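Beneath this line is the structure, given in structure tokens, with notes to follow.
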There are 2 protein chains.
Amino acid sequence: MNAKDETDQRHDVQVELIAVVTAIIDGQPVALTISRGSALPSGPFELGHRSLQAGLRNWVEQQTGHPLGYVEQLYTFADRDRMAEDHARRAISISYLGLTRDENTEYQSKRDWRSWYGYFPWEDHRTAQPPVIEQTILPRLRHWADEAGAGNREERWQRVALCFGLDGRAWNEELVLQRYELLYEAGLVPEARRNREAGRDETVPGNQMAVDHRRILATGIARLRTKIKYRPVVFEVMPPVFTLLHLQRAVEALAGRPVHKQNFRRLIEQQELVEETGKTTAETGGRPAKLFRFRPAVLVERTVAGTKLPIAKA
Amino acid sequence: MNAKDETDQRHDVQVELIAVVTAIIDGQPVALTISRGSALPSGPFELGHRSLQAGLRNWVEQQTGHPLGYVEQLYTFADRDRMAEDHARRAISISYLGLTRDENTEYQSKRDWRSWYGYFPWEDHRTAQPPVIEQTILPRLRHWADEAGAGNREERWQRVALCFGLDGRAWNEELVLQRYELLYEAGLVPEARRNREAGRDETVPGNQMAVDHRRILATGIARLRTKIKYRPVVFEVMPPVFTLLHLQRAVEALAGRPVHKQNFRRLIEQQELVEETGKTTAETGGRPAKLFRFRPAVLVERTVAGTKLPIAKA
DNA sequence: TCCTGATATGCTCAAAGTGAGTATAAACAG
DNA sequence: CTGTTTATACTCACTTTGAGCATATCAGGA
């Protein structure tokens with residue numbers, strides 16, 4: 001067939017769809033995984049799929065048993081980690097960020113949710129700066145910086161300082177990807193040591209993933225931490241009705257840092273993002289909390305306009 | 001060959017790379033085009049390309065004769081505007097935003113730069129709100145809203161109001177894409193009327209482009225208008241040495257709105273984005289202006305950290 | 001030489017936004 | 001009824017912004 005020859009001339013490629021699907025379960029930010037937490041769900045873009053997003057929704061819904069709310073494209077990669085370079089055929093991966101609530105308990109067993117912070121222990125600053133930073137990460141990065149030539153030493157350490165908020169700089173929770181890449185570059189994550197001696201004690205704590213999936217997860221987290229500040233996306237991971245503290249805990253879980261309670265409430269109410277349901281819940285321990293719901297009208301407005309949350313802005 | 005059968009099973013697709021390359025020429029924001037302004041430069045992703053970006057840089061440099069500075073991925077589309085749905089083969093397009101300065105006069109003739117605002121006359125608010133909005137766009141959008149069913153009328157008009165800053169709302173220069181999509185949906189751009197009667201007088205002024213290229217351009221402009229506020233990308237379109245007013249004019253050109261001079265200077269100097277060269281230029285008319293250059297150290301810092309510009313933040 | 005016009009640059013100020021603390025209310029366990 | 005816990009209201013200092021006024025330094029013509 002002529003069509004096939006043409007195919008080869010045009011250098012066609014395979015397309016893989018890959019998803020970072022996030023929810024909040026028991027106050028923890030989690031991602032949907034497969035293979036016992038070692039990979040993100042992914043599948044090929046097939047002829048039956050009406051569009052890229054449709055393809056993605058298709059098999060994510062198949063896996064989790066309920067629809068994805070918010071879906072947003074993350075990035076398109078080519079030739080990541082190719083093994084055989086002589087292959088005349090190539091593949092690209094299109095990654096997405098999805099948000100959902102894990103309401104459906106029926107399919108619970110099918111789903112393998114894993115906490116973000118199992119993969120990135122250094123990213124959870126909700127209660128305090130994780131000790132692993134001072135105890136393991138910084139010493140090893142210091143070593144990595146020092147072993148560079150005289151010219152690069154300073155530059156390397158400055159990157160470290162920026163990424164981890166040293167020298168009086170503030171911790172910037174958005175730099176998830178930069179931090180992971182720094183650790184990768186320094187050979188401190190197992191993924192970077194495939195071909196080297198498997199010196200486990202020279203890496204840094206945190207579960208690894210297949211190929212570059214952990215990198216994609218980092219990309220998704222970074223995107224969400226940025227987006228949460230100016231678009232009302234938090235509500236995608238919230239149940240229909242919630243207290244303001246629930247909402248705050250969700251924001252904190254995603255941002256990985258604590259939020260000033262009073263200021264949080266001020267901003268939320270000021271912007272009229274939510275409305276009272278009229279009911280309260282006493283399940284929170286102390287004084288009963290008012291229950292709120294997301295203001296539906298905002299869905300139209302704020303999707304286009306902006307939102308604010310009291311998290312330090314980069 | 002077995003490989004070919006496998007190919008078909010895997011539903012391979014063609015990959016097209018497409019670029020929004022922007023520069024500032026004579027104070028105007030311009031995009032690189034082909035076919036007398038009717039299309040964005042694009043080309044297939046080929047086997048010889050080391051990576052997606054490499055492929056893009058490859059033929060953009062080939063076309064323009066000088067290297068792209070800043071390159072950033074925009075979005076990946078599939079099956080945009082497919083004509084024959086029965087085709088068993090598909091194509092995806094990966095779009096990029098590129099920034100450059102048009103220093104090289106040698107290849108000048110090869111390049112076809114076109115002003116953004118030729119395609120989007122309603123986006124240039126530097127001197128005043130373009131009259132086309134009041135005179136043509138809003139009346140026709142009003143008509144479009146009114147012809148909707150009772151349920152949708154309000155919703156449609158609210159979208160219009162949000163997009164164009166009506167009812168006391170401020171003009172938001174970032175909504176380039178939303179505005180274009182609104183006009184598209186209302187059938188007010190020629191691209192949307194392919195299959196309808198070619199009633200030219202029912203569209204809105206602004207040069208059209210092939211297939212969805214104008215939409216991609218809108219995406220690029222929107223991205224740049226957002227990015228300029230928190231990353232030092234303006235400098236990618238600036239010559240090595242410039243006055244603060246030059247810099248301001250560049251920001252204004254991209255943002256499509258005027259900037260308060262004194263506040264602009266305050267922010268730029270506060271953040272130490274630039275440093276004096278020690279020289280001045282008298283070419284500006286009045287009192288000679290100091291010449292500045294971008295502070296190289298910032299390249300390391302701010303790529304990771306942030307920047308601020310005195311443009312209303314969404 | 002001395003205005004005039006033009007731009008550059010410095011400085012002030014009020015309004016709004018933000019970070020952080022204090023005080024009071026409403027439930028429950030014992 | 002007392003202590004504990006969480007919810008919610010209010011205050012205040014400080015920073016950031018938007019906007020205007022004032023002064024400096026040049027070119028060119030009266």
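What you see below is based on every heavy atom in this structure, not just the backbone, and it leaves out hydrogens, waters and symmetry mates. Computed from a prediction, not measured in an experiment: that's the story for all the values here.
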Rounded to whole Å, please give me the gap between [atom1] in [X] and [atom2] in [N].
X: A:H260; N: D:dC12; atom1: NE2; atom2: P; result: 15 Å
X: B:R257; N: D:dA19; atom1: CZ; atom2: P; result: 10 Å
X: A:Q270; N: D:dT8; atom1: CD; atom2: P; result: 17 Å

Point to revise | Exercise: do B:E154 and B:Q158 side chains pair donor with acceptor under 3.5 Å | key: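 Distance-only check fails for B:E154 and B:Q158.
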Review point. When all nucleic acid strands are considered with a 4.0 Å heavy-atom cut-off, which category describes A:L245: base, sugar-phosphate, or nothing?
Key: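 Sugar-phosphate contact only - A:L245 comes under 4.0 Å of backbone atoms but never of a base.
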Review point. Base, sugar-phosphate, or nothing for A:K290, non-hydrogen atoms under 4.0 angstrom?
Key: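 Contact class for A:K290: sugar-phosphate only.
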Exercise for review: Starting from the first five and the last five pairs of the helix from C:dT1-D:dA30 to C:dG30-D:dC1, work out the angle between the resulting helix axes, to 10 degrees.
Suggested key: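 Between the first-five-pair axis and the last-five-pair axis there is 20°.
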Check your understanding: Mind checking what makes side-chain hydrogen bond (donor to acceptor under 3.5 Å, both in side chains) contact with A:E275, not counting sequence neighbours?
Key ->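 With neighbours one apart ignored, the set is A:R293.
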Check your understanding: Taking OP1 and OP2 of D:dA7, is either one under 4.0 Å from a side-chain nitrogen or oxygen of A:K261?
Key ->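 Checking D:dA7 against A:K261, a side-chain N or O does come within under 4.0 Å of OP1 or OP2.
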**Study point:** Considering all heavy atoms, the nearest A:V233-A:L224 contact
**Key:**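 Closest heavy-atom pair between A:V233 and A:L224: CG2-CD1, 4.2 Å.
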Exercise for review: Over all heavy atoms of both residues, which pair between B:Y180 and B:A218 is shortest? Give the atoms and the distance, please.
Suggested key: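 The answer is CB-CB, 4.3 Å.
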Point to revise | Salt-bridge present (A:E173, A:K229; N to O < 4.0 Å) | key: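 Here A:E173 pairs with A:K229 in a salt bridge, since their nearest N and O are under 4.0 Å apart.
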Review point. Between A:N263 and A:P288, which is nearer to the 5' end of DNA chain C once each is assigned its nearest nucleotide?
Key: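 Between the two, 5'-proximity favours A:N263.
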**Study point:** Minimum-distance nucleotide (side-chain atoms of B:Q262 versus C:dA20, D:dA7, D:dG20)
**Key:**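 Shortest atom-to-atom distance from the side chain points to D:dG20.
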Review point. Do B:R287 and C:dA6 share a donor-acceptor pair, side chain to base, under 3.5 Å?
Key: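 Such a pair does not exist between side chain and base.
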Exercise for review: Report yes or no: is there a donor-acceptor pair, N or O only, under 3.5 Å between the side chain of B:R266 and the base of D:dG18?
Suggested key: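 Looking at the base of D:dG18, it does pair with a donor or acceptor on the side chain of B:R266 (distance under 3.5 Å).
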Review point. Can any side-chain N or O of A:D112 pair as donor or acceptor with the backbone N or O of A:R114 at less than 3.5 Å?
Key: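 The answer is no, because no donor-acceptor pair under 3.5 Å joins these two groups.
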